[in-house]
Amino acid sequence: MRAIVTRLDSFGDVLLAGPAVRAVAARADHVTLLCGPRGAPAARLLPGVDEVLVWEAPWGGFDPPPVDRAGLDALADRIDADTGLILTSFHQSPLPTALVLRLAGVRRLAADSVDYPGSLLDLRHRRAPGAHEAEAALDLAAAAGFPRPDGDDGRLRVRTPPPVTALTGPGPYVVLHPGASVPARAWSPDRAAEAVRELAAAGHRVLVTGGPGERDLTAHVAGRYGTDLGGRTEAPELSGVLAGAGAVVTGNTAPAHLAAAVGTPVVSLFAPVVPAERWRPYGVPYVLLGDQDAPCAGSRARECPVPGHPCLNTVTATDVVAAVGKLLGDA
């Protein structure tokens, strides 16, 4: 059996699909993961994936491309699968993806869908209310005939990270990742810099991580008290840096899920623009910080709609130091 699993969103979304991908891989001879460009680095980290197809869908993402018939035809020609699992967030429709997979000749398709699918789906599944994204994907996989394999704990997982001591240096450390792909989910840079200072004062060595476009941010946050790794880690190296940390401090963004995938506890600065019950760090100890009842709750806003960003700016550096201590067993 050749299977295709689709998750067309971001890096963190693809990581959350990992347990379901392993369930499919336990029964399929070949697993293709179809994902978008932002999710591709995560897809290449997932156990159980034999092939990664990268395609930017016109019905997803922050800046979707126009609909292109030639591009759709080219994608359909590349797909070679008998059965498919279409993974989406709770607010997304799987039906456009299902149409493409049907045109590609995939005979059996399963997805969560609140909309009538006609002949696009063989299994129209209903997800449990409030289910975490990772659990919802596993439930769909089981309903489609791919139960969690014996001995698989269902947690997030990635391939073994490379050695990163040249980046981290010797000895224990914590990681603070101040950026986020969605501005509404990011703590303020000044608060993050203050947290680095207070963590250092509490005796922690702090590494500050970020992407190539976040070097100014990570330099500001690290200051004189942290080690700036901004722009120095691709996805595999970042997984290694997070795996070696005692704890990771970050917003609701990809490194929170990557930390969970390597088994590292997370201090989650969680803006409630999406529900924490669905997107919190999964399968590891965590401390959730941020006002979950703020006016922005459930808005899915990309830019904070409330002056002063109160859901996260009520969190202090002292709160973060206490949360790190709790996770490390110091409290």
Side-chain angles (χ1 to χ4, degrees), residues 10-12 38 41 62 164 166-169 171-235 237-242 244-259 264 266-271 273 281 287-291 294 296 301-325 327:
S10 66
F11 190 106
R38 293 183 301 130
F62 303 135
V164 292
L167 286 169
T168 65
Y173 59 88
V174 299
V175 168
L176 192 148
H177 186 94
S181 59
V182 175
R185 301 181 193 177
W187 205 24
S188 76
D190 288 343
R191 284 289 175 89
E194 184 182 357
V196 170
R197 292 194 298 270
E198 292 204 17
L199 285 165
H204 301 290
R205 190 163 64 94
V206 186
L207 310 185
V208 180
T209 58
E214 297 175 319
R215 288 189 176 97
D216 290 344
L217 172 64
T218 59
H220 172 75
V221 170
R224 296 186 294 110
Y225 301 93
T227 299
D228 180 10
L229 296 184
R232 298 175 62 189
T233 54
E234 298 293 337
E237 291 77 23
L238 181 58
S239 70
V241 170
L242 299 181
V248 174
V249 180
T250 185
N252 175 29
T253 192
H257 304 304
L258 188 54
T264 301
V266 179
V267 176
S268 178
L269 296 153
F270 201 101
V273 290
V287 175
L288 200 71
L289 299 177
D291 180 4
C296 64
R302 295 197 66 234
E303 302 285 344
C304 180
V306 183
H309 201 22
C311 68
L312 288 185
N313 281 343
T314 54
V315 179
T316 68
T318 301
D319 295 330
V320 167
V321 173
V324 168
L327 291 174

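FYI, the numbering just counts along the sequence from 1. All values reported here derive from a predicted model rather than from experimental measurement.
Among all heavy-atom pairs drawn from Gly231 and Arg215, the shortest one is O-NH2, 3.4 Å. Minimum heavy-atom separation, Pro178 to Ala186: O-CB, 4.1 Å. Nearest approach of Val287 to Ala323, heavy atoms of both residues: CG1-CB, 3.8 Å. Ala184 and Ala271 make their closest contact through O-CB, 3.3 Å (heavy atoms, listed as atom of the first residue, atom of the second, distance). The two residues Leu327 and Ala247 have their closest heavy-atom pair at CD1-CB, 4.5 Å.
Each of Val267, Val266, Leu269 was checked for a side chain to side chain contact (heavy atoms under 4.5 Å, CB included) with Thr250, and the lone residue meeting it is Val266. Here the rule is side chain to side chain contact (heavy atoms under 4.5 Å, CB included) with Val208, and of Thr218, Leu217, Leu229, Val249 only Thr218 fits it.
Glu237 places a side-chain N or O within 3.5 Å of a backbone atom of Glu234 that can act as its donor or acceptor partner. For the pair Arg205 (side chain) and Thr168 (backbone), a donor-acceptor distance under 3.5 Å is present. Without hydrogens or angle criteria, Trp187 side chain to Leu312 main chain gives a donor-acceptor distance under 3.5 Å.
Side-chain contact between Asp228 and His220 is absent, with no heavy atoms from C-beta onward closer than 4.5 Å.
Under the side-chain hydrogen bond (donor to acceptor under 3.5 Å, both in side chains) criterion, Thr253 pairs with no residue at all, not counting sequence neighbours. The side-chain contact (heavy atoms from CB on, under 4.5 Å) test applied to Val175 returns Tyr173, Leu207, Thr209, Val241, Leu242, Ala245, Val248, not counting sequence neighbours.
Atom CZ of residue Arg185 and atom NE2 of residue His309 lie 11.0 Å apart, to the nearest 0.5 angstrom. The distance from atom CG of Leu238 to atom CZ of Arg232, rounded to the nearest 0.5 Å, is 13.0 Å. One finds the OG atom of Ser181 at 9.0 Å from the CD atom of Glu214 (value rounded to the nearest 0.5 Å).
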Please report the C-alpha distance between Asn313 and Arg191 in whole Å, then the side-chain angles of each, then the deciding distance to 0.1 Å, and finally whether the side chain to side chain contact (heavy atoms under 4.5 Å, CB included) criterion is met. CA-CA 8 Å; Asn313 281 343; Arg191 284 289 175 89; 4.3 Å; yes
